[in-house]
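The structure appears below as structure tokens.
The structure displayed is predicted, hence computed values, not measured ones. Note on naming: letters A, B, ... go to the chains in the order of the sequence lines (proteins, then strands), and numbering restarts at 1 for each one. We use all heavy atoms of the structure for the numbers below, so side chains are in, but hydrogens, waters and symmetry mates are not.
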2 protein chains.
Amino acid sequence: MSAGTKGVARADREAQIVEVACRAFGENGYAGTSVADVADAAGISKPLIYNYFGSKDGLHEVCVRYAADVLWAEFERSSRTGTVGLARAIATLDGMFRALAPQPWMWRLVFDPTAPADGAGHEALADYEKRLFALGEEGVAELMRLAGNEDPEDTSAMHAVWEAMFRALVTWWLDHPEVTPDEMTDRCLRLFTTVFGELDPQVLAAVDR
Amino acid sequence: MSAGTKGVARADREAQIVEVACRAFGENGYAGTSVADVADAAGISKPLIYNYFGSKDGLHEVCVRYAADVLWAEFERSSRTGTVGLARAIATLDGMFRALAPQPWMWRLVFDPTAPADGAGHEALADYEKRLFALGEEGVAELMRLAGNEDPEDTSAMHAVWEAMFRALVTWWLDHPEVTPDEMTDRCLRLFTTVFGELDPQVLAAVDR
DNA sequence: GTGGTAACTTACCCAGGAGTCATATCCCTG
DNA sequence: CAGGGATATGACTCCTGGGTAAGTTACCAC
């Protein structure tokens, strides 16, 4: 391919690169993705990426901010439903399945164990996780209060368990791409029933069942 | 340091290298650990490691097998207590806290997201995870049967949740090194109570409470 | 049409980490 | 005390992947 413009405006090219990069980072992780990989997948050359994003970390930051915005919007939306406990849990799961269905790689892009521990991308992720943490801790703390346990360390550990459970369900779903969001929500309801017994009607109502 | 033997027998040197490497891999991950790092930490030179273990992957394999054996012995031991459900859960957690207390890095060595996806080390890990998976699936399946849910996909998802919860509790504990195994087991019991209500005496008995 | 600018690429540099080779020292054996 | 094997290392090579310098092409304004 010879040099010279192909008539693609910078904004358009940037958007295209980000889309390709989100997918690459999400599917292969930050460490498993080279800038050359992204350039190849986008059908352009490496220096163009450096020209537009400055560094691999710069590109990663843009991707992460985009993905975090998508997920955050969903988390916040379901937190505003005013539900508590299991009802809020299932509402959040259901919303996340729907939000991720068209772009499942977004999840692993944000929860990427190979992401670097410093740089702008890390800042963006840390900021997002801080907000997410506060949101989750709030919900868990309320649940704990209702159950009569106000120990902050207990709350912290319970929060870790809640997040892990949430991630496990999302990850399981991502590993079973033939399952629709609706079916997955039903499955979660069944699992809740298995563990907690008959569910309160409010829980079902939270996902229109 | 000049060349020439220091009078350390191969077997001793190998053991020393493995110990240092387990710690390095466990604390910084496979990808975050260079062979030179291990050599430095062990106070020897890089070629000696290649001489004794053939490759980074070869060293990793030995470390992983050692750590997996430690964890596996513990999992199997608690599976033989004959307990079911929550009782088995708390017994397994308690056993793991005790097993990990003297060498907490073993955990992350086995559950290392930066470990390679091929090679002998990977084989060893895959084999271990297969056994662990079967053990966990068995326990979860039994619980599901008791609750009247025999759907294999539901069991699979439930198993994923169970493993995630287990890992979350262990990880939380690893992040709070001032907490003793005993205290952590008590905390887990409190969390169980918070979620499931008053616990069956059998559950308490499983950890001598 | 001609200069300037935005869009692009080829060909390179460089750091870091896996892996190797030749060599040096020690100790044990005969 | 000479030879050989075990224990060790300094100084390499090679490759991958982030990052850059310099130049090439197309379009637009005047």
Side-chain angles (χ1 to χ4, degrees), chain A residues 1-18 20-21 24-25 27-64 112 114-122, chain B residues 1-18 20-21 24-25 27-64 112 114-122:
Chain A
M1 182 79 62
S2 67
T5 181
K6 294 173 190 162
V8 180
R10 173 163 185 162
D12 294 346
R13 193 57 102 189
E14 282 184 352
Q16 182 215 354
I17 294 172
V18 167
V20 166
F25 285 139
E27 288 176 350
N28 307 112
Y30 181 85
T33 304
S34 75
V35 177
D37 288 340
V38 177
D40 280 355
I44 56 164
S45 69
K46 208 169 47 146
L48 193 59
I49 293 181
Y50 282 95
N51 212 2
Y52 286 171
F53 298 94
S55 67
K56 183 183 183 183
D57 183 56
L59 172 60
H60 188 233
E61 186 198 354
V62 174
C63 292
V64 154
D112 179 2
T114 75
D118 51 17
H122 177 255
Chain B
M1 183 79 61
S2 68
T5 181
K6 295 174 191 163
V8 181
R10 173 163 184 160
D12 294 345
R13 192 59 101 189
E14 281 183 352
Q16 182 213 353
I17 293 172
V18 167
V20 166
F25 285 139
E27 288 177 349
N28 306 114
Y30 181 85
T33 305
S34 74
V35 177
D37 289 339
V38 176
D40 280 356
I44 55 162
S45 70
K46 208 167 47 142
L48 193 58
I49 292 181
Y50 283 94
N51 212 3
Y52 286 170
F53 298 93
S55 64
K56 183 182 182 183
D57 182 57
L59 173 60
H60 187 232
E61 186 198 353
V62 174
C63 293
V64 154
D112 178 2
T114 75
D118 51 16
H122 177 255

Nearest-neighbour nucleotide for the Asn51(A) side chain, dA8(D), dC8(C), dG18(D) considered: dC8(C)
Closest non-hydrogen atom pair between Ala41(A) and Val20(A), with its separation: CB-CG1, 3.5 Å
Selected nucleotide, minimal atom distance to Pro47(B) side chain, candidates dT9(D), dA8(D), dT9(C): dT9(D)
Close side-chain approach of Leu59(B) to Val35(B), heavy-atom, < 4.5 Å: no
Nearest listed nucleotide, side chain of Ser55(B), among dG19(C), dA8(D), dT9(C): dG19(C)
Integer-rounded Å distance: dG17(C) P and Leu59(B) CG: 16 Å
Contact nearer the 5' end of DNA chain C, comparing Ala31(B) with Gly7(B): Ala31(B)
Touch class at under 4.0 angstrom, heavy-atom based, for Phe53(B) against every strand present: nothing
Between dA18(C) (C1') and Asp37(B) (CG): distance, integer Å: 13 Å
Whole-Å gap separating P (dG17(C)) and OH (Tyr50(B)): 11 Å
Whole angstrom value for the distance that separates C1' of dG18(D) from NE2 of His60(A): 15 Å
Atom-to-atom span, CZ of Arg10(A) to C1' of dC8(C) - whole angstrom: 13 Å
Closest listed nucleotide, where the reference is the side chain of Ile44(B) and the choices are dA18(C), dT9(C), dT9(D): dT9(D)
Pairwise side-chain contact, Phe53(B) with His60(B), heavy-atom cut-off 4.5 Å (strictly under): no
Heavy-atom side-chain contact between Val64(B) and Phe25(B) under 4.5 Å: no
Sugar-phosphate only, base, or nothing, as touched by Ser45(A) at under 4.0 Å among non-hydrogen atoms: base
Val35(A) side chain, from C-beta outward: closest of dA8(D), dG18(D), dA18(C): dG18(D)
Considering all heavy atoms, the nearest Ala42(B)-Gln16(B) contact: O-NE2, 3.0 Å
Among dT9(D), dT24(D), dG17(D), the nucleotide that comes nearest once only the side chain of Ser34(A) is considered: dG17(D)
Distance, rounded to the nearest Å, where Lys6(B) contributes NZ and dC27(C) contributes P: 13 Å
Distance test, side-chain N/O of Tyr52(B) to OP1/OP2 of dA8(D), below 4.0 Å: yes
Integer-rounded Å distance: dA8(D) C1' and Arg13(B) CZ: 9 Å
Comparing Ala3(B) and Asp57(B) on DNA chain C - which has the more 5′ nearest nucleotide: Asp57(B)
Integer-rounded Å distance: dC12(C) P and Lys46(A) NZ: 14 Å
